[in-house]
Engineer: 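What follows is a structure written as structure tokens; I'll ask about it next.
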Amino acid sequence: MPISVKTDEELDLMRQAGYMLAQVHEKLHEVLRPGMSTLEIDQIGEEEIRRLGGIPNCKGYEGYPASVCISVNDEVVHGIPKAETILKEGDIVSLDTGLTYKGFNSDAARTWGIGHISSEAEKLIEVTKQSFFEGIKYAKAGNHLYDISRAIDKYVTSYGYGIVRELTGHGIGRSLHEEPLIPNYRKLTRGVLLKPGMTLCIEPMLTMGKRQVAILDDDWTIVTADGSVSAHYENTIAITPNGEPEILTII
Ligand code: MF3
Ligand code: CO
């Protein structure tokens with residue numbers, strides 16, 4: 001499948017799906033507090049997605065059982081919400097969720113600290129977010145895909161954090177995961193040419209320690225191999241005709 005290029009009408013639906021998801025993340029950020037279970041967060045997320053008129057796109061995806069992927073501390077992505085997983089002061093929690101609206105998908109992730117967290121964890125979260133913004137600077141028609149990857153790698157490496165390689169960003173549209181894959185590390189080529197109407201999920205996943213990851217026995221949860229903490233930041237974006245990329249999943 002070639003990379004899908006959206007018409008103006010399709011882009012408008014992507015925009016609506018993105019705006020709805022930004023509201024879901026805002027709601028989740030508001031309710032997060034120590035003592036809460038990750039299952040409660042998932043339930044609030046699903047309720048908010050449906051209240052806004054969307055359909056959760058994680059739930060049932062290849063059998064994934066929840067609407068919000070919730071990954072705590074050394075969990076990188078795809079953690080499964082549970083009644084027994086209770087957030088406590090000092091934890092960092094990554095929330096990765098998405099929705100479908102009128103046939104189009106949005107996908108975004110945020111990492112938040114619970115109460116007071118260590119300054120090291122604070123810094124990891126900040127650099128993870130900023131690495132997205134370093135990457136998106138290159139998300140312009142006429143640039144090439146891996147220019148984005150290179151910019152993320154260059155910025156992150158200057159802080160010494162690990163960049164997870166086993167998972168990448170991706171195209172998005174009528175399907176949650178479309179071509180192309182978007183690595184967060186440097187490639188030897190520049191990759192495909194970026195064109196207006198392409199919609200992409202850029203999603204750096206960083207670790208405080210080494211970059212290697214492992215998968216838990218639940219066959220979903222990706223954790224750092226060395227037990228170090230991890231952060232994730234993702235938005236759905238559009239390549240525009242006027243040069244500046246548009247972020248669809250922020251308010
Ligand atoms: N938003 C997630 C991603 O792009 C979706 C995960 S699929 C799920 O990787 F099955 F884990 F939900
Ligand atoms: Co994604």
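Both counts, for ligands and for their atoms, begin at 1 and track the order of listing. Throughout, residue positions are numbered sequentially from 1 according to the sequence presented.
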Engineer: So does Asp96 have any N/O/S atom less than 2.8 Å away from the Co ion (ligand 2)?
Structural biologist: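 It does not; every qualifying atom lies at 2.8 Å or beyond.
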Engineer: So which protein heavy atom does atom 7 (S) of ligand 1 come closest to, and at what separation?
Structural biologist: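 Checked against all protein heavy atoms, atom 7 (S) of ligand 1 sits closest to Tyr61 CD2, 3.6 Å.
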Engineer: Would you please say whether a donor-acceptor pair under 3.5 Å links the side chains of Asn235 and Thr249?
Structural biologist: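 Short answer, yes.
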Engineer: Using 30° and 60° as the class limits, which term best fits the ring planes of Trp112 and His29: parallel, tilted or perpendicular?
Structural biologist: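 Trp112 and His29: parallel rings.
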Engineer: Is Lys123 paired with Glu126 through a side-chain N to carboxylate O contact shorter than 4.0 Å?
Structural biologist: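 Counted as a salt bridge, because a side-chain N and a carboxylate O are separated by less than 4.0 Å.
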Engineer: I need the Ile3 CD1 to Glu179 CD distance, nearest 0.5 Å.
Structural biologist: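 Taking CD1 in Ile3 and CD in Glu179, the distance rounds to 7.0 Å.
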Engineer: Where does Cys58 meet ligand 1, judged by heavy-atom distances below 4.0 Å: at the side chain, the backbone, both, or neither?
Structural biologist: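 Near ligand 1, Cys58 shows its backbone as well as its side chain.
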Engineer: Under a 4.0 angstrom heavy-atom cut-off, which atoms of ligand 1 come close to His170?
Structural biologist: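 Within the 4.0 Å cut-off of His170, ligand 1 contributes 4 (O).
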Engineer: Could you check whether His116 and Glu89, counting side-chain N and O atoms only, form a donor-acceptor pair closer than 3.5 Å?
Structural biologist: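 On atom types as modelled, these side chains do not qualify, holding no pair under 3.5 Å.
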Engineer: Would you mind naming the N, O or S atom of Asp107 nearest to the Co ion (ligand 2)?
Structural biologist: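 The nearest such atom is OD2.
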Engineer: Which residue owns the protein heavy atom closest to atom 10 (F) of ligand 1, what's the atom, and how far is it?
Structural biologist: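 Sorting protein heavy atoms by distance from atom 10 (F) of ligand 1 puts Tyr64 CB, 3.1 Å first.
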Engineer: Between Lys59 and ligand 1, which part of the residue brings a heavy atom under 4.0 Å of the ligand: side chain, backbone, both or neither?
Structural biologist: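 No part of Lys59 comes within reach of ligand 1.
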Engineer: Flag His177 as yes if one of its N/O/S atoms falls below 2.8 Å of the Co ion (ligand 2), otherwise no.
Structural biologist: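 No, since none of the N, O or S atoms of His177 sits under 2.8 Å from the Co ion (ligand 2).
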Engineer: Write the atom name of the N, O or S atom in Glu203 that is nearest the Co ion (ligand 2).
Structural biologist: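 For Glu203, the N/O/S atom sitting closest to the Co ion (ligand 2) is OE2.
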Engineer: Show me which atoms of ligand 1 lie under 4.0 Å from any heavy atom of Trp220.
Structural biologist: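 Under 4.0 Å from Trp220, ligand 1 has these atoms: 10 (F), 11 (F).
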Engineer: Do me a favour and list the nearest non-hydrogen protein atom to atom 6 (C) of ligand 1 with residue, atom name and distance?
Structural biologist: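 Atom 6 (C) of ligand 1 sits closest to the protein heavy atom His78 NE2, 3.5 Å.
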Engineer: Atom 1 (N) of ligand 1: which protein heavy atom is closest, and how many Å away?
Structural biologist: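 Here the closest protein heavy atom is Asp107 OD1, 2.7 Å.
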Engineer: Starting from the Co ion (ligand 2), look over the N/O/S atoms of Glu234 and name the nearest one.
Structural biologist: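 This residue's closest N, O or S atom turns out to be OE2.
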Engineer: State if Cys69 counts as touching ligand 1 under the rule of any non-hydrogen atom under 4.0 Å.
Structural biologist: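 It does, in that a heavy atom of Cys69 comes within the 4.0 Å cut-off of ligand 1.
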Engineer: Do Glu134 and Gln130 have side-chain N/O donor and acceptor atoms under 3.5 Å apart?
Structural biologist: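 Their side chains do contain a donor-acceptor pair, which is all the 3.5 Å distance test asks for.
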Engineer: Would you find more than 12 non-hydrogen atoms of other residues, nucleotides or ligands less than 6.0 Å from Tyr155 atom OH?
Structural biologist: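 Enclosed.
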Engineer: Quick one: look up the protein heavy atom nearest atom 2 (C) of ligand 1 and list residue, atom name and how far away it is.
Structural biologist: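 The answer is Asp96 OD2, 3.2 Å.
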Engineer: Can you pull out the closest protein heavy atom to atom 3 (C) of ligand 1? Residue, atom name and distance to 0.1 Å, please.
Structural biologist: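 Heavy-atom neighbour on the protein nearest atom 3 (C) of ligand 1: His177 NE2, 3.4 Å.
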Engineer: Give the numbers and elements of all ligand 1 atoms closer than 4.0 Å to a heavy atom of Glu203.
Structural biologist: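 Result: 4 (O).
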Engineer: Roughly how far apart are Ser94 OG and Ile125 CD1, rounded to 0.5 Å?
Structural biologist: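 It comes to 7.5 Å.
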Engineer: Kindly determine whether Glu48 and Thr97 satisfy side-chain contact (heavy atoms from CB on, under 4.5 Å), including the steps that lead there.
Structural biologist: CA-CA 12 Å; Glu48 190 66 2; Thr97 185; over 6 Å; no
Engineer: So with a 6.0 Å cut-off around OH of Tyr185, is the heavy-atom count from everything else above 12?
Structural biologist: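 Counting neighbours around OH of Tyr185, more than 12 heavy atoms of other residues, nucleotides or ligands fall under 6.0 Å, so yes.
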Engineer: Pairing donors with acceptors under 3.5 angstrom, does anything connect the side chains of Thr199 and Lys6?
Structural biologist: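 Present: a donor and an acceptor within the cut-off.
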